[in-house]
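Working notes for the structure below.
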Amino acid sequence: EDQVTQSPEALRLQEGESSSLNCSYTVSGLRGLFWYRQDPGKGPEFLFTLYSAGEEKEKERLKATLTKKESFLHITAPKPEDSATYLCAVLIQGAQKLVFGQGTRLTINP
Amino acid sequence: KAGVTQTPRYLIKTRGQQVTLSCSPISGHRSVSWYQQTPGQGLQFLFEYFSETQRNKGNFPGRFSGRQFSNSRSEMNVSTLELGDSALYLCASSSSGQGYEQYFGPGTRLTVT
């Protein structure tokens with residue numbers, strides 16, 4: 001069964017303290033891996049798409065990387081406004097749907 | 001471009017009733033997907049429509065149905081509501097291109113009492 005697991009479930013950091021979020025996946029065939037950010041009461045906001053192992057994407061303080069088994073979302077020198085739930089999702093070969101992980105709730109304290 | 005819009009934003013219904021939610025995709029996007037989000041199960045795929053045809057369906061009972069119109073707008077319907085149907089219902093649209101990035105609307109918060 002296709003499965004996406006994110007860790008940790010929750011992470012609390014001080015402003016400026018860099019860290020990484022993990023997304024591991026077990027799927028029959030990966031067509032793409034997506035990262036989203038979700039603020040309370042809002043829909044997920046698209047961040048990155050990664051297609052093949054070794055690929056990296058960057059946006060401001062965020063960098064996403066992909067291997068054959070997992071993806072990392074690295075956050076460098078975070079600010080309080082980076083506080084949100086970060087969701088990882090995979091697009092399966094032959095299926096027009098995203099399978100989501102449970103998310104990592106990130107809190108950045110000033 | 002305007003983003004994905006969903007109406008209504010909030011809804012309170014009684015068990016046994018039915019409900020219809022609406023989604024307008026980003027202009028030019030022909031694919032619309034629906035998801036249910038709950039604290040316990042996270043985001044779960046309901047179904048996806050492309051050019052008025054359902055291309056894929058998740059593991060939800062037949063009480064959940066949807067449709068897409070020729071202008072790509074989509075509706076989902078839930079009949080015979082149950083307490084467990086209380087959730088945030090999210091609509092996402094994408095172009096038919098290789099990227100398949102899905103852009104989400106703000107969601108409809110459904111509460112069943």
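Chain naming here is simple, since letters A, B, ... match the order of the sequence lines and numbering starts at 1 in each.
Residue A:Q38 touches chain B through its side chain alone, counting heavy-atom pairs closer than 4.5 Å.
Side-chain rings of A:F100 and B:Y35 approach one another, their centers coming within less than 6.0 Å. Taking the six-membered ring where the residue is Trp, the centroids of A:F46 and B:F104 are separated by 6.0 Å or more.
Interface residues of residues 68-84 of chain B toward chain A, defined by a heavy-atom distance below 4.5 Å: none.
Distance check, rounded to the nearest 0.5 Å: CG of A:L47 to CD of B:E101 gives 11.5 Å. Rounded to the nearest 0.5 angstrom, A:Q102 CD and B:L43 CG are separated by 9.0 Å. In this structure, the separation between NZ on A:K97 and CD on B:Q44 is 10.0 Å, given to the nearest 0.5 Å.
Remark: A:N109 pairs with no residue by the side chain to side chain donor-acceptor pair (under 3.5 Å) rule, at least two apart or across chains.
Ranking B:R109, B:Q37, B:K57 against chain A, the residue ahead of the rest is B:Q37, based on heavy-atom pairs under 4.5 Å. Counting heavy-atom pairs under 4.5 Å between each of A:A89, A:G101, A:P44 and chain B puts A:P44 at the top.
In A:E81, the CD atom is crowded: over 12 heavy atoms of neighbouring residues, nucleotides or ligands sit closer than 6.0 Å.
What you find for B:L90 and A:G43 is that their closest heavy atoms are CD2-CA, 3.8 Å.
Panel note: side chain A:Y36, backbone B:Y103; no donor-acceptor pair is recorded below 3.5 Å.
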